[in-house]
Amino acid sequence: MNESKDFLRTIVEEDIKAHKYNEVVTRFPPEPNGFPHIGHAKSIAINFGIARDYNGHCNLRMDDTNPTTEDTRYVEALKDAVEWLGFKWEGNVRYTSDYFPELYEYAKQLIKMGKAYVDSLTEEEIREYRGTVTEPGRRSVYAERSVEENLDLLERMKNGEFKDGEHVLRAKIDMSAANMKMRDPLLYRIRHAHHYRTGDAWNIYPMYDFGHCLSDYIEGVSHSICTLEFENNRDIYDWVLDTLGLTSPRPYQHEFARLGINYTVMSKRKLLELVNENYVSGWDDPRMPTIAGLRRRGYTPESILNFCHQIGIAKANSMVDVAQLEFCIRDDLNTKVPRVMCVLDPLKVTIENYEGSEELDASYYPEDVPKEGSRKLPFSREIYIERDDFSENPPAGFYRLTPEQPVRLKHAYIITCKEVIKDAQGNITEIIATYYPESKSGSDTSGIKVKSAIQWVDAHSAKTAEVRLYDRLYTCEAPEGIEDLNPDSLHVIKNALVEPALITEKPDVRFQFERQGYFYADPIDYTDEAPVFNKIVGLKDSWNKKAKEGDAPAKNERKAAEKKVQIIGEVSPMSEAEQARYEQYTGELKLGNEVANTLSRDEKLSAFFETALSVHNSPVTLANIVSNEVARELKEKDAGELKFSPAQIAELVKMIDEEIISNKIAKQVFEEMVTSGENPAVIVEAQGLVQISDPSLILPIIDDVMAKNPDNVEKYRAGNTKLFGFFVGQVLKATGGKANPQVVNDLVTQKLQ
RNA sequence: UGGGGUAUAGGCAAAUGGUAUGCCAACAGUUUUUGGUACUGUAGAUUGAAGGUUCGAGUCCUUCUACCCCAUCCA
């Protein structure tokens with residue numbers, strides 16, 4: 001399928017190549033405070049998947065640092081989910097709470113280093129002192145406490161001598177940091193609460209920012225993968241490990257975008273609300289996006305894993321179409337599951353010319369599914385068909401039974417409608433039909449053509465079953481809350497009729513109910529006496545879609561119109577000095593407006609440019625290189641930190657001016673200068689990068705490229721001029737970039753004529 | 001408003017500066033005793049915008065715009 005690597009695997013591969021770690025170690029670190037949902041499945045697939053792909057291992061760790069929200073039942077649900085998805089964690093399940101003693105020692109160490117202090121401000125004061133995004137915060141007076149006092153206080157906090165909220169332990173970082181998270185983050189808080197594992201042993205609990213990075217380090221994690229909202233926390237992650245001197249193989253944090261799916265909610269708060277206020281039957285309600293829900297609905301682990309693979313991993317916040325998930329389960333079940341017949345809304349059919357009864361052979365699988373197995377289908381004079389499959393006044397394109405149109409009973413005979421019986425209200429109650437004895441499935445000699453074959457059940461042997469039909473939980477794509485709930489998300493059919501083999505033979509727990517969809521014998525409520533089936537997903541239904549056409553086609557157009565509007569913002573005015581430079585650059589030096597603008601607005605760039613200019617007077621080329629290539633290097637560094645000098649850039653430009661090298665090669669040489677600081681002439685000499693402009697050297701290469709790509713030559717000559725770049729690219733590639741691109745262009749143009 | 005991110009078809013994702021690709025969705029056709037599946041094909045993108053550098057830009061530079069995250073003693 002998609003062979004390309006995601007950005008995380010790219011990072012991991014680079015680290016492996018650089019021998020940064022002995023082994024790739026990842027971890028899946030949920031907080032056991034709720035049931036895992038399909039977003040967790042994505043995280044599980046990433047963490048365990050990467051570990052598997054690179055022969056490493058993945059830990060399962062409960063990030064249980066908040067005693068007030070966590071519980072053992074969630075631990076079990078989390079373990080279940082991982083196992084059900086088919087993954088094995090390394091060793092035992094880990095718990096951050098197991099590291100509490102170690103974490104405490106690290107905290108003391110930070111205090112001793114003068115990097116942490118016990119703060120006694122109130123919660124409100126702490127918030128106030130933190131400042132805002134635009135104003136710096138100020139440090140608490142308690143930050144001045146001595147090491148001894150801090151150590152003593154922390155010990156007493158641990159021993160339970162203080163009330164909740166009286167003190168906290170904070171890192172001493174920077175109260176005016178632009179990153180709000182770095183304004184002396186809290187490390188420990190007092191909680192007189194019972195922890196589900198450590199009981200009352202601790203009165204202080206570490207915060208996420210302190211516990212997480214250290215737990216990763218303790219476990220020897222190499223790649224700590226989390227979601228995007230922790231980007232701002234990465235600075236603390238690094239600060240804690242660096243400050244404690246926990247270097248060399250140590251974990252680094254990488255973030256990816258969490259999963260969003262339309263028509264559903266993923267936030268723990270909202271899911272909890274659904275459960276607590278009984279909008280659903282529980283965490284495992286088949287409409288829930290929880291693993292437990294999906295599982296009870298009938299989703300397979302394979303389908304969910306495949307879904308996770310299909311959606312990919314990136315850093316863009318996005319909303320995946322639920323149709324993609326539905327495709328995955330259909331795709332999986334299509335090749336696995338037996339077909340059986342079920343009638344949800346029965347309409348009685350009496351076949352007046354049929355006497356007695358018989359048992360028909362019927363394969364469980366269609367021709368295109370390479371599986372074996374069949375059952376006996378009882379058949380008699382009275383059967384039931386789906387009410388939808390008969391129409392007295394059929395719409396155009398209706399393939400099923402009508403007063404004029406015969407239809408095949410799947411695996412059985414062709415019937416035709418003789419009479420429609422109605423009750424006093426005009427509702428159809430029964431169809432009187434006749435059958436064609438010679439039309440028996442498999443030995444049809446009737447020569448009658450029908451447009452479709454419908455499912456049916458024999459009236460006397462059919463079993464009654466409860467069928468639960470699920471629709472999406474919410475009515476809108478991006479639901480906010482309970483006000484967006486779909487009131488018809490659950491439809492229970494108490495008296496559906498199923499063929500007997502389904503119950504007596506039980507060929508599987510998942511089935512395709514022919515022409516309807518995939519169904520799952522409910523693992524909890526199902527019994528042979530009172531069978532219950534959950535609808536997993538419907539079949540793709542192009543007839544139904546056509547039938548109720550004309551709903552809301554205007555949406556895409558509206559969206560397209562919205563997209564066009566682009567407001568152009570104001571550009572800040574230049575200072576006087578910048579203005580003066582700009583005048584000089586555009587006037588005296590004849591630079592282009594854009595380049596002059598870029599250069600004159602940047603102090604570092606203009607200084608670099610002017611120094612280089614004094615060495616080699618070639619303003620335009622120099623300005624181009626400086627404003628494009630050098631600018632990249634100067635973004636996060638000062639001129640002094642660069643390995644190359646303005647004089648070397650001047651030298652590089654001189655070689656371009658003298659046509660020793662092309663612009664393309666110049667960029668390559670520049671890259672080398674960035675890393676090695678070597679003189680351009682030396683690099684060109686050492687790597688033999690001198691430009692090739694002699695057509696007699698280039699022509700054979702062009703011939704070669706054309707000979708190797710005859711189809712593209714043809715396409716180009718047929719009018720696909722975009723391919724021009726392809727040929728130039730191939731030729732340049734063949735010469736290691738050394739061919740003079742202008743010459744190549746001219747020659748390729750001639751050759752392709 | 002400061003900082004950190006992100007932007008490629010209706011959705012999700014690829015693309016060493018060199019043919020914008022895959023899956024879902026949509027549409028059409030072929031096959032079919034499932035209006036399923038499979039197969040084939042069609043349509044859909046001035047790669048958020050505007051400039052610049054380059055023979056050549058989704059990719060490099062500049063500016064702008066929109067959206068997301070950060071001021072919990074949650075994680």
Side-chain angles (χ1 to χ4, degrees), chain A residues 1-4 6 30-31 33 63 65-66 69 123 126-127 130-135 137 164-165 168 177-181 183 186 188-191 207-208 212 228-233 255 257 262 310-321 323-324 327 330 334-335 339 366-369 399 408 410-411 441 444 450-455 512 514-516 539-544 546 555-556 559 563 566-571 592-595 597-598 601 624-625 627-629 631-632 662-664 667 712 715 720 722-730 732-733 741-742 744-745:
Chain A
M1 210 153 285
N2 196 350
E3 305 297 324
S4 56
D6 56 77
E31 183 191 10
N33 69 345
D63 204 9
T65 57
N66 185 358
T69 55
E123 205 174 329
I126 286 178
R127 191 173 313 135
R130 188 148 30 215
T132 67
V133 287
T134 47
E135 301 154 41
D164 283 10
V168 291
N179 179 356
M180 294 293 292
K181 293 273 183 196
R183 320 250 257 228
L186 274 60
Y188 269 97
R189 79 288 212 185
I190 300 170
R191 277 280 152 91
M207 302 289 289
Y208 167 84
H212 203 92
L228 242 33
E229 67 269 27
F230 292 100
E231 274 171 330
N232 295 322
N233 301 60
E255 311 87 9
N262 60 7
Q310 285 189 6
I311 58 174
I313 311 166
K315 297 191 75 159
N317 283 310
S318 54
M319 177 113 82
V320 177
D321 195 337
Q324 188 114 22
F327 166 83
R330 277 192 207 108
N334 177 46
T335 53
R339 319 288 134 131
E367 295 262 315
D368 52 3
V369 173
Y399 289 174
R408 173 175 295 281
K410 178 89 183 175
H411 297 123
S441 186
D444 184 355
V450 290
K451 287 199 167 132
S452 79
I454 62 172
Q455 75 273 22
Q512 185 193 108
E514 201 98 31
R515 300 208 305 137
Q516 319 224 59
L539 256 29
K540 219 173 126 190
D541 188 354
S542 46
W543 166 246
N544 192 35
K546 198 179 282 181
K555 208 181 92 190
N556 291 351
K559 220 168 182 179
K563 244 183 169 176
Q566 178 78 234
I567 300 157
I568 294 153
E570 258 177 56
V571 178
N593 290 351
E594 273 307 310
V595 172
N597 191 34
T598 307
R601 277 175 183 273
N624 284 341
I625 297 269
S627 71
N628 286 287
E629 312 305 318
R632 179 169 59 245
S662 64
N663 265 298
K664 187 185 176 79
K667 290 191 187 193
N712 277 346
K715 274 194 226 163
N720 188 351
K722 275 185 190 169
L723 280 169
F724 188 76
F726 165 77
F727 289 106
V728 176
Q730 290 298 311
L732 255 63
K733 201 175 181 181
Q742 197 53 67
V744 174
N745 264 282

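To find a chain, count down the sequence lines: A is the first, B the second, and so on, and within it residues start at 1.
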Note to self: Distance check, P atoms only: rA20(B) and rU47(B), in whole angstrom units.
What the structure shows: 11 Å
Notebook entry, point to check: With a 3.5 Å cut-off and just heavy-atom distances, do the side chain of N317(A) and the base of rC68(B) make a donor-acceptor pair?
Noted result: no
Check: With no hydrogens and no angle check, is any side-chain donor or acceptor of R183(A) less than 3.5 Å from a backbone partner on T132(A)?
Finding: yes
Next item on the list: Spell out yes or no: do the side chain of K451(A) and the base of rG35(B) have one donor N/O and one acceptor N/O closer than 3.5 Å?
Entry: no
Notebook entry, point to check: Reckon L539(A) touches a base, only the sugar-phosphate, or nothing at all at heavy-atom distances under 4.0 Å?
Noted result: base
Notebook entry, point to check: Is the shortest heavy-atom distance from the side chain of N663(A) to the side chain of N624(A) under 4.5 Å?
Noted result: no
Next item on the list: Taking atom P in both rU63(B) and rC68(B), compute the distance separating them and give it to the nearest angstrom.
Entry: 24 Å
Check: Any donor-acceptor pair under 3.5 Å joining the side chain of R408(A) to the base of rU33(B)?
Finding: yes
Notebook entry, point to check: What is the pairing partner of rU1(B), taking Watson-Crick or G-U wobble pairs with both distances under 3.5 Å in any strand?
Noted result: none
Check: Using a cut-off of 4.0 Å on non-hydrogen atoms, how would the nucleic acid contact of T132(A) be classed: base, sugar-phosphate, or nothing?
Finding: base
Check: So, is R183(A) close to the rC70(B) phosphate, meaning a side-chain N or O under 4.0 Å from OP1 or OP2?
Finding: no
Next item on the list: Please evaluate the base of rG35(B) for a donor-acceptor partner in the side chain of N544(A) within a cut-off of under 3.5 Å?
Entry: no
Check: Taking atom C1' of rU21(B) as reference, at what distance in whole Å does atom NZ of K722(A) sit?
Finding: 13 Å
Notebook entry, point to check: In the structure shown, which nucleotide is the Watson-Crick or G-U wobble counterpart of rA7(B), with both distances under 3.5 Å?
Noted result: rU65(B)
Check: Under 4.0 Å between a side-chain N or O of N624(A) and OP1 or OP2 of rU54(B)?
Finding: yes
Item checked: Rounded interatomic separation in angstrom, taking NZ from K664(A) and C1' from rG17(B) -> 6 Å
Next item on the list: Considering only atom P, compute the distance from rU31(B) to rU40(B) and round it to an integer number of Å.
Entry: 16 Å
Note to self: Roughly how many Å apart are rG41(B) and rG48(B), using the P atom of each and rounding to a whole number?
What the structure shows: 29 Å
Next item on the list: Figure out the NZ/P separation between K315(A) and rC67(B), and round it to whole Å.
Entry: 21 Å
Next item on the list: Go through rC55(B), rG36(B), rA7(B) for me and flag the one nearest to the L732(A) side chain.
Entry: rC55(B)
Notebook entry, point to check: Taking side chain as C-beta onward, heavy atoms only, is R601(A) less than 4.5 Å from V571(A)?
Noted result: yes
Notebook entry, point to check: Does some side-chain heavy atom of F724(A) sit less than 4.5 Å from a side-chain heavy atom of N745(A)?
Noted result: yes
Checklist line | Residue pair Q310(A) / F327(A), side-chain heavy-atom distance below 4.5 Å | finding: yes
Next item on the list: Under 4.0 Å between any heavy atoms, over every strand shown, what does N628(A) touch: base, sugar-phosphate, or nothing? Just pick one.
Entry: base
Notebook entry, point to check: Mind checking the C1' distance from rA7(B) to rA45(B)? Whole angstroms is fine.
Noted result: 14 Å
Margin query: Please give the distance between the C1' atoms of rU65(B) and rA49(B) as a whole number of Å.
Written below: 7 Å
Check: Does R130(A) place a side-chain N or O at less than 4.0 Å from the phosphate oxygens OP1/OP2 of rC70(B)?
Finding: no
Checklist line | rG18(B) pyrimidine/purine six-ring stacking with F726(A), under 5.5 Å and 30° | finding: no
Check: Is the shortest heavy-atom distance from the side chain of Y399(A) to the side chain of W543(A) under 4.5 Å?
Finding: no
Next item on the list: Can you tell me, in whole Å, how much space there is between the C1' of rG56(B) and that of rU19(B)?
Entry: 13 Å
Notebook entry, point to check: Is a donor-acceptor pair below 3.5 Å formed from side chain N663(A) to base rG56(B), judging by atom type as modelled?
Noted result: no
Notebook entry, point to check: Are side-chain heavy atoms of H411(A) and R339(A) found at a separation under 4.5 Å?
Noted result: no
Margin query: Base, sugar-phosphate or nothing for E570(A)? Non-hydrogen atoms, less than 4.0 Å.
Written below: sugar-phosphate
Item checked: Heavy-atom donor-acceptor pair, E231(A) side-chain to rG5(B) base, under 3.5 Å -> no
Note to self: Quick test of the criterion, 5.5 Å between centres and less than 30° between planes. Is Y208(A) stacked on rA75(B) or not?
What the structure shows: no
Note to self: So, does T65(A) get its side chain near the phosphate of rA75(B), meaning an N or O under 4.0 Å from OP1 or OP2?
What the structure shows: yes
Checklist line | Nearest-angstrom distance from the residue atom CH2 of W543(A) to C1' of rG35(B) | finding: 8 Å
Notebook entry, point to check: Is there side-chain contact between K410(A) and R515(A), with heavy atoms separated by less than 4.5 Å?
Noted result: no
Next item on the list: Take the protein atom CE of M319(A) and the nucleotide atom P of rC67(B), then report the distance between them rounded to whole Å.
Entry: 15 Å
Next item on the list: Hunt down the Watson-Crick or G-U wobble partner of rG44(B), both distances under 3.5 Å, from any strand shown, or write none.
Entry: none
Notebook entry, point to check: Under 4.0 angstrom, heavy atoms only, what part of the nucleic acid is G592(A) near: base, sugar-phosphate, or nothing?
Noted result: nothing
Margin query: Tell me whether the side-chain N or O atoms of K733(A) pair up with the base of rG17(B) as donor and acceptor below 3.5 Å, since no angle test is needed here.
Written below: no
Checklist line | Phosphate contact (rG35(B) OP1 or OP2) by R515(A) side-chain N/O below 4.0 Å | finding: yes
Check: Would you say rA13(B) has OP1 or OP2 under 4.0 Å from some side-chain N or O of S318(A)?
Finding: yes
Item checked: Nucleotide forming a Watson-Crick or wobble pair with rU53(B), both distances under 3.5 Å -> none
Checklist line | Nearest-neighbour nucleotide for the I126(A) side chain, rC60(B), rU62(B), rC73(B) considered | finding: rC73(B)
Check: Reckon G569(A) touches a base, only the sugar-phosphate, or nothing at all at heavy-atom distances under 4.0 Å?
Finding: sugar-phosphate
Next item on the list: Find the distance N593(A):CG to rG52(B):P and express it as a whole number of Å.
Entry: 10 Å
Check: What is the base-pairing partner of rA75(B), counting Watson-Crick and G-U wobble geometry with both distances under 3.5 Å?
Finding: none
Next item on the list: Using Watson-Crick or G-U wobble geometry with both distances below 3.5 Å, tell me the partner of rU30(B), or none.
Entry: rA38(B)
Notebook entry, point to check: Choosing from rC73(B), rU53(B), rG3(B), which nucleotide comes nearest the side chain of N179(A)?
Noted result: rG3(B)
Next item on the list: Measure the distance from CG on D541(A) to P on rU34(B) and round it to the nearest whole Å.
Entry: 14 Å
Item checked: Donor-acceptor pair (no angle test) under 3.5 Å: E594(A) side chain, rU63(B) base -> no
Item checked: Toward the 5' end of RNA chain B, by each residue's nearest nucleotide, A316(A) or I568(A) -> A316(A)
Next item on the list: Examine the base of rU62(B) for any acceptor or donor lying under 3.5 Å from a partner atom in the side chain of S627(A), and report the outcome as yes or no.
Entry: no
Next item on the list: Check every strand shown and say whether V728(A) touches a base, only sugar-phosphate, or nothing at a heavy-atom separation below 4.0 Å.
Entry: base
Notebook entry, point to check: Please give, in whole Å, the distance from rU72(B) P to R127(A) CZ?
Noted result: 5 Å
Checklist line | Residue met sooner reading RNA chain B from 5', once T335(A) and Q324(A) are mapped to nucleotides | finding: Q324(A)
Margin query: Donor-acceptor pair, distance only, cut-off 3.5 Å: does the side chain of N179(A) make one with the backbone of N232(A)?
Written below: yes
